[in-house]
Q: 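Quick one: structure below, then a few questions.
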Amino acid sequence: MSAVDTLDGFLAAIGDELGLDATSDEAHRSLTDLPRWDSLHLLRLVALMEDETGRRLPLAEILQARTLAQIHAVVVRQAQPQHTAEAQA
């Protein structure tokens, strides 16, 4: 289990590593409504989550996400064991 498996852990990692504090309520708001959010944060978030999970994230799915909660769902789904098995097949 990783610290980013939960939404609270995911948000804590974002706050610690990116300096972007977001509450659980804000995680469900549009990224465009988050103060200080920009495309650089998105790139840094993808790199951070790939480091945290040890897996590459599907950039197309990340770009379709409209909230931090949706990005978190992609991260969790990608970190699940079946993705490792599929990658090895």
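Any value given below was found using the heavy atoms of this structure, including those in side chains, with hydrogens, waters and symmetry copies removed.
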Q: For T67, give me all partners under side chain to side chain contact (heavy atoms under 4.5 Å, CB included), at least two apart in sequence or on another chain.
A: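 Side chain to side chain contact (heavy atoms under 4.5 Å, CB included) check on T67 returns A69, Q70.
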
Q: Quick one: pull up CG in L31 and CD1 in I71 and give me the separation to the nearest 0.5 Å.
A: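 Reported to 0.5 Å precision, the distance equals 5.0 Å.
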
Q: Out of curiosity, does L7 fall in the hydrophobic cluster containing V74 (side-chain heavy atoms, cut-off under 4.5 Å, transitive links)?
A: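 In one cluster with V74: L7, yes.
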
Q: Can you check whether V4's main-chain N or O pairs, donor with acceptor, with H72's side chain at less than 3.5 Å?
A: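 Between the backbone of V4 and the side chain of H72 there is a qualifying donor-acceptor contact (under 3.5 Å).
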
Q: Could you list the residues that satisfy side chain to side chain donor-acceptor pair (under 3.5 Å) with D51, not counting sequence neighbours?
A: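 D51 satisfies side chain to side chain donor-acceptor pair (under 3.5 Å) with no residue once adjacent residues are dropped.
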
Q: Side-chain polar contacts of residues 10-18 - donor-acceptor pairs under 3.5 angstrom, sequence neighbours left out - could you list them?
A:
none

Q: Nearest 0.5 Å, please: how far is CD in Q80 from OG1 in T53?
A: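 If we round to the nearest 0.5 Å, T53:OG1 and Q80:CD are 12.0 Å apart.
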
Q: Roughly how far, to the nearest 0.5 Å, is the CG atom of L68 from the CD atom of E26?
A: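 Reported value, rounded in 0.5 Å steps: 9.0 Å.
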
Q: Would you mind listing every side chain to side chain donor-acceptor pair (under 3.5 Å) that reaches into residues 30-39, with sequence neighbours excluded?
A: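 Counting only pairs at least two positions apart or across chains, the side chain to side chain donor-acceptor pair (under 3.5 Å) contacts touching residues 30-39 are S30-T32, D38-H41.
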
Q: For residues 56-66, which side-chain donor-acceptor pairs fall under 3.5 Å, sequence neighbours excluded?
A:
from	atom 1	to	atom 2	distance (Å)
E61	OE1	R77	NH2	2.6
R66	NH1	L63	O	3.2

